[in-house]
**Q** 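Okay, here's the structure, questions in a sec.
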Amino acid sequence: MVLSKLALYACIAGISSHPIIRRAEPTVPAFVITLVLSGVMIILASWAVVGTEVKTAVYHTIEAFLSFLLSLAGTVVLYRLSPWHPLAKYPGPTSAKITKWWMAIWIAKGNRHLKLQELHGTYGPWVRIGPNEISVNVPDAIKPIYSQMFRAPFYQGAPQDADALITTTDRDEHARRLVAWNKAFSNEMVQIYRGFAQTRLDQLVDILKQKAVNGKNISLSHWISLWAMDVMGDMAFSGGFETMAAGRDSEGWMEVLSMGVLFVGILGQVPWMKDVIALLPQPGPIITFQKACFSGEKVKETKAKSAGMKKDILGIIQDEESGGYHLSAKEASADASFIVVAGSDTIAQALMALLRYIIGNGDAMNQLRAEISEATDGGTVDVDAATLTRLPYLDACVQEALRLVPPVPAGPPRYSGDHGCEVLGRFIPPHTTVACPIFTLHRDRNNFARPDEFIPERWLQSSNIQPHSRDAYVPFSYGSGVCIGKQVALQNMKLFTAGLLNSFDLSFGEGFDVAKYDASYKEHNLWLHDSLEVRLVGRVNGGGSI
Ligand code: HEM
């Protein structure tokens, strides 16, 4: 009888502990340890003080635990759905209001980009997509959100040994680290990186010329990925990846990276799980990647190699003279891993989208080929900085590909902090995560005319295609945390496309089904999809095929 009352008290404790847990959220291990300790104490007290048999005491303690957890969970759900919740006025699906696992499942399925589009179609521009999270599909809101707020707890979702520039949620630390990073992306360095990209492109063209015999299908997506990885290795560590020479990602870096990005995407929805994952014997893919590739050797090797030379990103950000922030070895290792993710798959995906659309659009291909041929004197001149300014149609094609298939499709999540903030006259309550969904903004017909079509002309100065909202176009994000590699990315994409088009005639490969290819796109934080199969025919400089 006494112990049944215990279950009742446990219910009351569950309900009344909700306001405490909500304000001072405990870590999972602290919560579990508290539960276990209180269980042991209850059993001991029942046995020693009340004189209950141990078996009965254990039974009633379990009963009390379940009562506690169920009443706590019930209170959480009721509160999240109640009119007293700070985000109560924002519409959204009930499951999303209850738990972040709902969004985690869409990410795992690879359809979050489509779900967000659907939600904004149903509920309007401000949608509640998590218990404490809103998605904002309003171009005018991008500047106030991304300039006032900084990175959300999402970035702390995966266990890692140290923060990278891209995962730190401390704005001051980010600003101090950025001093050295800005040096690594100065105009002078961007020109040096152009040389690396050109050398790797020449290597790729030679390889493809050998492979592209008898009109057989080539997986362009495969080779683009290898090119991007090798260029990134050169830029970040003065060499290190030789995936093109091997013809494959022999060490499996890309696979680990894709897993890592998916892992971060899912765990970022439920950052408290990090403590649980950290207890598992097998470390997550991010730590595996850092340990396998970058712990110790690569970081030390690059530091030694680039001493006094300062020709690669890791060398510059580790150099004490770059100023601002002293990177620990673990932070350098975290930065090294993230630079590869940030700078290789993004540019590779952007190029795959660009080539898929220009191969599928004869007019665009002809116009592009004519422009590139004229600017490079029939392919005899390398694409330097001056040449790039003479390629407006290529620039338009690049922008259009980044609009249709932004390599970072979800909106980077930002956080309203302890005090909340105001966006377009609305108060965003404290501790709210806010994101502007890039894919949805880019494909919204209120922002861009015929939004699902590839129309590079909309980016030309002479264009009168309306609507055309430049404010809604954010493939590189905005504000603090904006992509630091934007100039390198744009330059390398143009250089690659010009070089490839000067070297080959391209068409879709035999049996390649473009509709099936488009439908295969899955968004797991970055994109995963089928292979882009093409047929390449070598060209002689000046135009004709060989
Ligand atoms: C088309 C290619 C690219 C796209 C679309 C892209 C997009 C983005 C976006 C949206 C962010 C913000 C992420 C966030 O806040 O969660 C970002 C950050 C970043 N990107 Fe890129 N990126 C591209 C290429 C590159 C390249 C080539 C590099 C390096 C060479 C690079 C380096 C970075 C870094 C270091 C950050 C973090 C900046 C910071 O925290 O201040 N990106 N990128």
Side-chain angles (χ1 to χ4, degrees), residues 142 145-147 149-157 163-171 173-186 189-190 192-194 196-197 224 227-229 231-237 261 264-265 268 312-314 316-317 325 334-354 398-415 433-439 441-442 473-497 525-527:
I142 295 172
I145 289 174
Y146 286 89
S147 49
M149 301 186 205
F150 198 56
R151 294 194 161 126
F154 163 85
Y155 293 88
Q156 295 287 313
D163 266 321
L165 175 80
I166 203 167
T167 61
T168 178
T169 50
D170 179 334
R171 199 171 196 151
E173 180 189 321
H174 179 264
R176 277 183 284 126
R177 286 171 84 153
L178 211 51
V179 175
W181 277 86
N182 282 331
K183 291 194 176 147
F185 286 88
S186 64
M189 290 312 297
V190 171
I192 292 174
Y193 302 148
R194 189 178 51 75
F196 294 164
I224 288 176
W227 173 82
M229 192 81 180
V231 173
M232 206 55 236
D234 295 346
M235 282 170 49
F237 335 105
V261 171
V264 170
D312 61 51
I313 300 171
L314 194 56
I316 294 173
I317 60 171
Y325 190 87
D335 271 340
S337 310
F338 271 97
I339 188 75
V340 177
V341 186
S344 61
D345 193 69
T346 45
I347 199 166
Q349 291 302 331
L351 277 172
M352 289 170 207
L354 174 61
V398 166
Q399 306 232 46
E400 185 66 345
L402 288 169
R403 183 189 69 78
L404 276 172
V405 189
V408 181
R414 297 296 180 254
Y415 195 54
T433 293
V434 187
C436 296
I438 299 179
F439 182 86
L441 282 158
H442 287 189
Y473 181 68
V474 275
F476 296 98
S477 188
Y478 184 87
S480 38
V482 66
C483 177
I484 201 168
K486 178 178 171 183
Q487 292 315 325
V488 176
L490 293 174
Q491 164 189 271
N492 288 1
M493 281 180 74
K494 291 177 196 172
L495 178 144
F496 183 96
T497 311
N525 239 10
L526 297 175
W527 297 106

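In each ligand, atom 1 is the first atom listed, and ligand 1 is the first ligand listed.
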**Q** Under a 4.0 angstrom heavy-atom cut-off, which atoms of ligand 1 come close to Ser477?
**A**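 Those of ligand 1 that fall under 4.0 Å from Ser477 are 10 (C), 12 (C).
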**Q** Who's closest to atom 26 (C) of ligand 1 heavy-atom-wise, of Gly481, Ala401, Ala489, Gly343?
**A**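 Checking each option, the heavy atom nearest atom 26 (C) of ligand 1 is found in Gly343.
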**Q** Could you identify the single nearest non-hydrogen protein atom to atom 36 (C) of ligand 1 and state the distance to 0.1 Å?
**A** Ile166 CD1, 3.9 Å
**Q** Considering only heavy atoms, which of Ala348, Cys483, Ala410 lies nearest to atom 20 (N) of ligand 1?
**A** Cys483
**Q** How close do Arg151 and Thr168 get, heavy atom to heavy atom, and via which atoms?
**A** CD-O, 3.9 Å
**Q** For ligand 1, does Pro475 get within less than 4.0 Å through its side chain, its backbone, both, or neither, judged by non-hydrogen atoms?
**A**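 The answer is the backbone of Pro475.
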**Q** Tell me, with the steps shown, if Ser480 and Arg171 meet side-chain hydrogen bond (donor to acceptor under 3.5 Å, both in side chains).
**A** CA-CA 9 Å; Ser480 38; Arg171 199 171 196 151; 3.1 Å; yes
**Q** Hey, which atoms in ligand 1 end up nearer than 4.0 Å to a heavy atom of Met235?
**A**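 Atoms satisfying the 4.0 Å criterion: 30 (C).
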**Q** Is Arg151 near ligand 1, meaning one of its heavy atoms is under 4.0 Å from it?
**A**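 For ligand 1, residue contact (heavy atoms, under 4.0 Å) with Arg151 is present.
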**Q** Ignoring angles and geometry beyond distance, decide whether His174 reaches within less than 3.5 Å of ligand 1 through its nitrogen or oxygen atoms.
**A**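 Indeed, backbone or side chain, His174 has an N or O that close.
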**Q** Just heavy atoms, cut-off under 4.0 Å: does Val408 contact ligand 1 by side chain, backbone, both, or neither?
**A**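 The side chain, only.
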**Q** Say whether Trp181, considering both its backbone and side-chain N or O atoms, lies within less than 3.5 Å of an N or O atom on ligand 1.
**A** no
**Q** Counting each atom of ligand 1 from 1 as listed, which ones have a heavy atom of Pro407 under 4.0 Å away?
**A** 5 (C)
**Q** To check your reading of the model: name the closest protein heavy atom to atom 35 (C) of ligand 1, its residue, and the distance in Å.
**A**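 Checking every protein heavy atom, the shortest distance to atom 35 (C) of ligand 1 gives Ile484 CG2, 3.4 Å.
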**Q** If you have a sec, work out which protein heavy atom is nearest atom 24 (C) of ligand 1 and how many Å separate them, to one decimal?
**A** Thr346 OG1, 3.3 Å
**Q** Using a 4.0 Å heavy-atom cut-off, say whether Phe185 meets ligand 1 through its side chain, its backbone, both or neither.
**A** side chain
**Q** Do me a favour and list the nearest non-hydrogen protein atom to atom 14 (C) of ligand 1 with residue, atom name and distance?
**A**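 For this ligand atom, the closest protein heavy atom is Tyr155 OH, 3.2 Å.
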**Q** Just do the side-chain contact (heavy atoms from CB on, under 4.5 Å) check on Leu404 and His442 with the steps written out, would you?
**A** CA-CA 7 Å; Leu404 276 172; His442 287 189; over 6 Å; no
**Q** Within ligand 1, which atoms have a heavy atom of Arg414 less than 4.0 Å away?
**A**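 Counting from 1, the qualifying ligand atoms are 15 (O).
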**Q** Quick check: does any side chain N or O of Tyr478 sit under 3.5 Å from a backbone N or O of Ile145, one acting as donor and the other as acceptor?
**A** no
**Q** If the threshold is 4.0 Å, N to carboxylate O, is there a salt bridge linking Asp163 and Arg177?
**A** no
**Q** If the cut-off is 4.0 Å to any non-hydrogen atom of Met232, which atoms of ligand 1 fall inside it?
**A** 30 (C)
**Q** Between Gln349 and Pro406 (side chain of the first, backbone of the second, donor and acceptor by atom type, cut-off under 3.5 Å), is there such a pair?
**A** no
**Q** Measure the distances from the heavy atoms of Val482 to every atom of ligand 1 and state whether one is below 4.0 angstrom.
**A** yes
**Q** State the atoms of ligand 1, each with its element, that fall below the 4.0 Å cut-off from a heavy-atom position in Leu178.
**A**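 Answer, ordered by atom number: 41 (O).
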**Q** Using modelled atom types only, decide if a donor and an acceptor are shared between the side chain of Tyr193 and the backbone of Val231 within a distance under 3.5 Å.
**A** no
**Q** Show the numbers, then the answer: is there a side-chain contact (heavy atoms from CB on, under 4.5 Å) between Val488 and Phe185?
**A** CA-CA 8 Å; Val488 176; Phe185 286 88; 3.8 Å; yes
**Q** Applying the side chain to side chain contact (heavy atoms under 4.5 Å, CB included) test to Phe476, which of Ile484, Ile438, Leu490 qualifies?
**A** Leu490
**Q** Please check this pair: side chain of Thr346 against backbone of Ala342, looking for a donor-acceptor N/O pair closer than 3.5 Å.
**A** yes
**Q** Taking 4.0 Å as the limit for heavy-atom contacts, which would you say applies to Lys486 with ligand 1: side chain only, backbone only, both, or neither?
**A**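 Within the 4.0 Å criterion, Lys486 makes no contact with ligand 1.
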**Q** Looking at Leu526, is its backbone amide N or carbonyl O close enough to the side chain of Asp345 to form a donor-acceptor pair, meaning the two atoms are under 3.5 Å apart?
**A**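 Looks like no, no N/O pair under 3.5 Å.
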**Q** Counting each atom of ligand 1 from 1 as listed, which ones have a heavy atom of Leu165 under 4.0 Å away?
**A**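 Numbered from 1, ligand 1 contributes 38 (C), 39 (C), 40 (O), 41 (O).
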**Q** Would you say that Asn492 contacts Met235 through its side chain, given a criterion of any heavy-atom pair below 4.5 Å between the two side chains?
**A**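 In short, these two side chains touch, coming nearer than 4.5 Å.
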**Q** Is the backbone N or O of Gly481 less than 3.5 Å from a side-chain atom of Tyr146, with the two atoms forming a donor-acceptor pair by type?
**A** no
**Q** Heavy-atom distances under 4.0 Å decide this one: backbone, side chain, both or neither, for Val474 against ligand 1?
**A**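 Neither; nothing of Val474 gets under 4.0 Å from ligand 1.
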**Q** Please write down residue, atom name and distance for the protein heavy atom closest to atom 33 (C) of ligand 1.
**A**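 Heavy-atom neighbour on the protein nearest atom 33 (C) of ligand 1: Ala342 CB, 3.8 Å.
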**Q** Is there a donor-acceptor pair under 3.5 Å between the side chain of Thr167 and the backbone N or O of Ala164?
**A** yes
**Q** Heavy atom of Arg177 under 4.0 Å from ligand 1?
**A** no
